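Residues: numbered from 1 along the sequence shown. If you're wondering where the values come from, they're calculated on a predicted model, not measured in any experiment. In listed order, ligands and their atoms are each counted from 1.
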Amino acid sequence: MHSDKTIPATSNIGSYEERAASFDWSVAEAELGWSEGDPINIGAVCTDRICEQGLGAKLALLWEDSHGKERKYTFDELRVATNKYARYLQDIGVSPQDRVCVFMDRIPDFYISFLGILKLGGIAQPLFSAFGPESLVVRLQDADTKVALTTMRHVRKLRKIRQDLPNLETIVVVDCPDVSKLKEGEVAFSLDAAEPVEEFEAYPAWRETPSVLHYTSGTTGKPKGALHVHGSVIQQYISAKWVLDLGPDDVYWCTADPGWVTGTSYGIIGAWANGVTQMIYDGGFSSEAWYKLIAKYGVTIWYSAPTAIRLLMRDGKELAWKHDLSSLRHLISVGEPLNAEAVIWSEETFGKPFYDSYWQTETGSIIITNYPGMDVRPGSMGKPFPGIEAKVVDLQTHEPIDEPGRVGLIAIKPFWPSIMRGYWNNTPGYFSKFDRGWYLTGDRSSIDADGYFWFVGRDDDVINTGGHLVGPFEIESALLEHDAVAESAAVGTPDKVNMEVVKAFITLKPGFEPSDDLELEIMNFVRKRLSPLAMPQVIEFATTLPKTRSGKIMRRVLRAQEWGEPIGDISTLEND
Ligand code: WT7
């Protein structure tokens, strides 16, 4: 199905074809008012710069939580609040390039401290608040994090691992009602109680100065810390303007958590660099609550994810139609394949389709996407962002494929402003992402004759559950710690809402027999070690696991079974 949409004259991008044909990054730099050689500090770009444009009194943040508590910040208040964080962190000894993690729910302090860290030149390390101690410790050890910002609700998880983090100097609790509740090495900071800091001279970062460290899961080993730089804002700014179509009168809602890259690149940086009012909701998913928020705040631009859309679909169109959603003007999705059905449903329900966008933690910004006004081909991810050269390359040789419809790996020509500049402590891992002059995404796709990309799947064993990547290695490691488990393999199994969920196959050590009780015991055992996302929904006892002749477990054989797909080349299988 093709929906015939002409390009609205009012969209920021205008004609995609024209933009793409004449684009080079200096266009984006000029739009942002930056020239080569000038310092560029994301914290200042998102706050001080907006106030200098005379927008200090404009609302930057409309915040609400699930209890109905509300807060509002203007850009000037945001500027002063981020200054407070920058000054405070400086006072407690944070120096430029020190890693400071932000480990909290979606409270205003998350967004504000993130920019405060950047203002003083520190490296912000956002962490998802649902992470348990195990997920936290690997990320904090790897990054050698100096200061952790958190809340009373989450501090206990840090306390559990404190002895394993000798270089974590200070834990700052930002909502501590009473300092007697704190332990050694913990301090209280209150944004509201802190003296206003009218002026703070932002650290004069240049475009290559490290800014944000986001951890992402791979197939093997520990999560990898993708390191970004201050110059990324050039691309986040222009893509937020052209893809999300953010403009002066918009109320924008990015539903992603800032523990993940969408929540920072577009839930903080891209939006505020454009001087746009954001609504942020700190609460779980509920179709009803979400529609109420859209109506209440008059949300115009909505950036969400396929899992959320599938949940909305489950609750039906009628529920949507009970609310006044007429403010919605542009809808965009990211994180997982957006199936054609969801695009069509949204068109029928909201009168406009969700526009798919594709990118990764490593790419820092949207790479392939549909543009406002562009013909949406439901099920397609769209076309490369202007200035991005993207192709598919042969799965083995990595030679570009020109034939329409043939599946290959999505490859992007380095470098673009927001690409990661390395994996923290993992240079070999970083170099392994490049070959023959391409950055390899690890995703499979084809390109049709008109240049639209059609996602096929990941080329590795990483599980994408509800838009969150989970490495099989971390799940398998947790399972192997249990006394009864001899071998384990974690794969994605189909799920109506989350696209896939984790399923674990295990073999048992001699002396152990499969039983429901044992399954439950193992589940409870790994629950303590894994974040809820990574938790297997099912554990299946197996007598053997498919392995290569060299003894490597072939997860893709198990995965293919789960999906009812052909198993593919199993010539290296041990027992064939
Ligand atoms: C992986 C990156 C970048 C924002 C959040 C995820 C998958 C992302 C799409 C899409 C199909 C998608 C890919 C990618 N992915 N967007 N539109 N269609 N798959 O960042 O956690 O680094 O995950 O998510 O597999 O490699 P991330």
Looking only at protein heavy atoms, which one is nearest to [atom], and what is the separation?
{"atom": "atom 1 (C) of ligand 1", "value": "Arg458 NH1, 3.7 Å"}
{"atom": "atom 10 (C) of ligand 1", "value": "Glu336 O, 3.3 Å"}
{"atom": "atom 21 (O) of ligand 1", "value": "Leu469 CG, 3.5 Å"}
{"atom": "atom 24 (O) of ligand 1", "value": "Gly335 O, 3.4 Å"}
{"atom": "atom 27 (P) of ligand 1", "value": "Thr361 OG1, 3.4 Å"}
{"atom": "atom 2 (C) of ligand 1", "value": "Trp359 O, 3.7 Å"}
{"atom": "atom 26 (O) of ligand 1", "value": "Asp443 OD2, 2.5 Å"}

Enumerate the atoms of ligand 1 whose separation from the nearest heavy atom of [X] is less than 4.0 angstrom.
{"X": "Met381", "value": "10 (C), 18 (N)"}
{"X": "Thr262", "value": "4 (C), 5 (C)"}
{"X": "Ser357", "value": "10 (C), 16 (N), 17 (N)"}
{"X": "Pro337", "value": "11 (C), 18 (N), 19 (N)"}

Give a yes or no on this: more than 12 heavy atoms of other residues, nucleotides or ligands lie within 6.0 Å of atom NZ of Lys552.
-> no
If you count the non-hydrogen atoms of other residues, nucleotides and ligands that lie under 6.0 Å from CD in Glu341, is the total more than 12?
-> no
Could Arg310 and Glu336 be called an ion pair, given the rule that one side-chain N must be under 4.0 Å from one carboxylate O?
-> yes
Inspect the contact between Arg406 and Asp394 and indicate whether a charged nitrogen and a carboxylate oxygen are less than 4.0 angstrom apart.
->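 A salt bridge links Asp394 with Arg406.
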Please find out if less than 6.0 Å separates the ring center of Trp416 from that of Tyr439.
->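 Close enough - the centres of the two rings lie under 6.0 Å apart.
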Do Phe350 and Trp345 make the cut of ring centroids closer than 6.0 angstrom?
->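 Yes, ring centres under 6.0 Å apart.
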Whether Asp495 side chain and Asn498 backbone form a donor-acceptor pair below 3.5 Å | yes
Spell out, as yes or no, whether a donor-acceptor pair under 3.5 Å connects the side chain of Tyr266 to the backbone of Val261.
->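 Checking the backbone N and O of Val261 against the side chain of Tyr266, no donor-acceptor pair under 3.5 Å is found.
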At their closest point, which heavy atom of Gly364 faces which heavy atom of Ser265, and how far apart are they?
-> O-OG, 2.8 Å
Is the closest heavy-atom distance from Thr441 to ligand 1 below 4.0 Å?
->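 Per 4.0 Å heavy-atom rule, Thr441 does not contact ligand 1.
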Is it the side chain, the backbone, both or neither of Asn464 that has a heavy atom closer than 4.0 Å to ligand 1?
->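 Asn464 to ligand 1: side-chain contact only, backbone stays beyond 4.0 Å.
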